[in-house]
Student: 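So that we are looking at the same thing, I have put the structure below in structure tokens.
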Protein chains: 2
Amino acid sequence: MKLESALLTNFILSTVPISSIEAREITNSFQPMKLKKGDFLLRETHISDDYIYLEKGLMRTFVHDLDGNEITTDFFLENSMVFEVTSFFNGVRSEANIQAITHCTGFRLSYQELNKLFHQKSAFRDFGRAILVKAFMASKKRNYRMINRTAEQRYRELLSTSPQIFHYAPLKHIASYLGITDSTLSRLRRK
Amino acid sequence: MKLESALLTNFILSTVPISSIEAREITNSFQPMKLKKGDFLLRETHISDDYIYLEKGLMRTFVHDLDGNEITTDFFLENSMVFEVTSFFNGVRSEANIQAITHCTGFRLSYQELNKLFHQKSAFRDFGRAILVKAFMASKKRNYRMINRTAEQRYRELLSTSPQIFHYAPLKHIASYLGITDSTLSRLRRK
DNA sequence: ACAATTTCTTGCTTTATGTCAAGAAATGTT
DNA sequence: AACATTTCTTGACATAAAGCAAGAAATTGT
């Protein structure tokens with residue numbers, strides 16, 4: 001048994017009610033991977049083949065808007081799953097980039113490996129579905145917050161739930177994630 | 001074979017590459033259902049047990065914000081799947097309501113039935129996952145639009161992609177969906 | 001350690017959207 | 001048909017956030 005994967009096994013067990021043996025089997029299907037700060041896990045126009053458990057580090061997804069500006073659409077904290085749903089599950093070219101904000105370590109599954117597990121192991125089916133549901137829920141919550149919270153409230157919420165992000169990510173990434181300009185974010189910070 | 005389910009079978013076949021026989025088997029697991037205009041498929045605080053193919057009609061999801069106002073978070077057009085992901089898949093009380101805007105007809109699966117199919121039929125696994133992925137993609141796109149489009153652009157986009165909504169839904173539902181007030185929407189319409 | 005680059009702050013001005021309120025139009029009910 | 005209710009429009013005013021620009025501070029590369 002690989003020592004490094006204990007965090008992943010715990011993550012799986014905390015996600016879905018399966019046995020430790022099943023969780024360890026799933027863990028062992030993943031392969032270790034790492035990224036240096038600034039490295040890309042995925043570049044736009046490429047096809048994603050990475051379904052990642054991020055053990056340590058911080059990552060972000062960003063897209064380019066019509067004027068060529070980067071818009072950060074998601075931050076990924078450690079002890080969570082990282083994947084670009086559209087490109088990974090549909091095998092199409094990605095419009096999004098995924099980049100390491102800090103040095104990152106984690107574990108990886110390819111689409112082929114994931115599919116094999118998905119059809120063979122009922123425990124993995126439940127896990128995979130739970131991960132999809134969780135990410136979908138997070139996206140819906142984000143939508144809702146954009147509508148019924150002010151920029152300042154969104155800022156405060158992010159600050160209190162994910163202070164790590166403020167420690168490592170530049171303001172412009174955070175600002176575009178919050179849907180405001182970096183000038184506005186700078187002013188919010190002063191308060 | 002039930003005549004009414006041909007649209008659902010076609011929908012399944014257009015979603016995922018499986019055989020007609022498999023699609024028809026899946027179709028036959030669903031039970032017909034209908035709702036009158038204004039009826040609720042789901043009320044907040046209840047637990048959703050409905051995974052619906054909406055064959056005909058128009059529905060919406062809404063939540064209440066802190067001031068008690070209704071915020072429409074989604075419209076469902078005909079020939080699509082309708083479900084409240086959080087409550088349905090996690091078996092928790094819903095914060096959202098799902099309401100029929102027009103008379104609706106469709107086909108239903110309970111969570112128990114869905115799970116049985118999910119673990120028994122690989123064709124259904126692929127379908128179920130594709131539906132989750134599609135809904136998740138739509139949510140991400142919506143997030144992105146809220147950040148990098150003006151209210152007017154979002155209005156025009158909705159108008160051109162889903163004119164049915166404007167035919168049946170009152171302005172205040174559409175306005176809250178777009179993240180603006182009904183006054184602002186009224187002014188946008190004038191143009 | 002220095003220069004180059006990027007990030008952050010701040011002031012001024014403009015614009016989009018919200019708030020409140022009132023009346024008109026449409027819709028539903030008996 | 002008459003009334004009640006809801007929906008839609010419009011005006012006057014307030015405000016949050018954007019746009020632009022310049023300088024200060026921090027970070028990075030050599």
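Per chain, numbering begins at 1; letters A, B, ... match sequence-line order. Computed from a prediction, not measured in an experiment: that's the story for all the values here.
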Student: What do you reckon, is OH of B/Y168 surrounded by more than 12 foreign heavy atoms closer than 6.0 Å?
Tutor: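 For B/Y168, atom OH is not crowded (no more than 12 foreign heavy atoms under 6.0 Å).
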
Student: Could you tell me how the ring of B/F83 sits relative to the ring of B/Y51: parallel (under 30°), tilted (30 to 60°) or perpendicular (over 60°)?
Tutor: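 Answer is tilted, since the angle falls between 30° and 60°.
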
Student: Side chain of A/P170, heavy atoms from C-beta onward: which of C/dC8, D/dA18, D/dC8 has the nearest atom to it?
Tutor: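 In terms of side-chain proximity for A/P170, the closest of C/dC8, D/dA18, D/dC8 is C/dC8.
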
Student: Determine the minimum heavy-atom distance between A/L35 and A/F40, stating which atoms define it.
Tutor: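 Shortest heavy-atom contact: CD2-O, 4.3 Å.
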
Student: Looking only at the aromatic ring of each residue, does the gap between the centers of A/F11 and A/Y53 stay below 6.0 angstrom?
Tutor: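 Distance test on ring centres: under 6.0 Å, yes.
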
Student: Please state how far atom CZ in B/R154 lies from atom P in C/dA16, giving the value in whole angstrom units.
Tutor: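 Distance, rounded to whole Å: 14 Å.
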
Student: Please work out which residues in residues 140-151 of chain A have a non-hydrogen atom less than 4.0 Å from an atom of DNA chain D and list them by number.
Tutor: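 Of all residues in residues 140-151 of chain A, the ones placing a heavy atom under 4.0 Å from DNA chain D are A/T150, A/A151.
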
Student: Whole-Å distance between D/dA16 C1' and A/E152 CD?
Tutor: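 Roughly 10 Å, once rounded to whole Å.
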
Student: Starting at atom CG of A/L178, determine the distance to atom C1' of C/dC8, rounded to an integer number of angstrom.
Tutor: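 Computing the A/L178:CG to C/dC8:C1' distance gives 16 Å.
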
Student: Taking the six-membered ring of B/Y155 as reference, does the cationic atom of B/R149 (NZ for Lys, CZ for Arg) lie under 6.0 Å from its centre and within 45° of its axis?
Tutor: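 Verdict for B/Y155: no cation-pi partner in B/R149.
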
Student: Distance check needed: D/dA17 P versus A/Y155 OH, whole Å only.
Tutor: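 In whole Å, D/dA17 P lies 14 Å from A/Y155 OH.
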
Student: Would you indicate whether the side-chain heavy atoms of B/L114 and B/F88 approach each other to under 4.5 Å?
Tutor: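 The answer is yes; the side chains approach within 4.5 Å.
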
Student: Between residues 160-168 of chain A and DNA chain D, which residues have a heavy-atom gap below 4.0 Å?
Tutor: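 Nucleic-acid contacts, sorted: none.
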
Student: Taking any heavy-atom pair under 4.0 Å as a contact, classify B/G38: base, sugar-phosphate, or nothing.
Tutor: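 It contacts nothing in the nucleic acid.
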
Student: Is B/K37 near enough to C/dG28 that one of its side-chain N or O atoms lies under 4.0 angstrom from OP1 or OP2?
Tutor: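 So the side chain of B/K37 is within the cut-off, an N or O lying under 4.0 Å from OP1 or OP2 of C/dG28.
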
Student: Take the protein atom CG of B/L171 and the nucleotide atom P of C/dA24, then report the distance between them rounded to whole Å.
Tutor: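 In whole Å, C/dA24 P lies 19 Å from B/L171 CG.
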
Student: Nearest-Å distance, CG (B/D65) to P (C/dT19)?
Tutor: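 Taking atom P of C/dT19 as the reference, CG of B/D65 is at 10 Å.
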
Student: State, yes or no, whether a side-chain contact exists between A/L41 and A/I52 at a heavy-atom distance under 4.5 Å.
Tutor: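 The answer is yes, as the side chains (C-beta and beyond) meet within the 4.5 Å cut-off.
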
Student: Rounded to the nearest angstrom, tell me the gap between atom CD1 in B/I71 and atom C1' in C/dG18.
Tutor: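 Rounding to the nearest Å, CD1 of B/I71 and C1' of C/dG18 are 14 Å apart.
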
Student: Report the distance from atom CG of A/N69 to atom C1' of D/dA18, rounded to the nearest whole Å.
Tutor: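 After rounding, the reported distance stands at 13 Å.
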
Student: Using every non-hydrogen atom in the two residues, find where B/T27 and B/S5 come nearest and quote the distance to one decimal.
Tutor: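 Shortest heavy-atom contact: CG2-CB, 3.0 Å.
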
Student: Expected output is a numbered-order residue list: members of residues 181-191 of chain A with a heavy atom under 4.0 Å from any atom of DNA chain C. What is it?
Tutor: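 Those residues are A/S183, A/S186, A/R187, A/R189, A/R190.
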
Student: Could you tell me how the ring of A/F124 sits relative to the ring of A/F127: parallel (under 30°), tilted (30 to 60°) or perpendicular (over 60°)?
Tutor: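 Judged by the thresholds at 30° and 60°, the geometry between A/F124 and A/F127 is tilted.
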
Student: Is it the case that A/R129 places NZ or CZ above or below the six-membered ring of B/F118, under 6.0 angstrom from the centre and within 45 degrees of the axis?
Tutor: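 Ring-cation test returns yes.
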
Student: Could you go through A/K140 and B/E95, starting from their C-alpha distance and side-chain angles, then the distance that decides it, and tell me whether this counts as salt bridge (Lys or Arg N to Asp or Glu O under 4.0 Å)?
Tutor: CA-CA 12 Å; A/K140 288 185 60 160; B/E95 291 177 22; over 6 Å; no

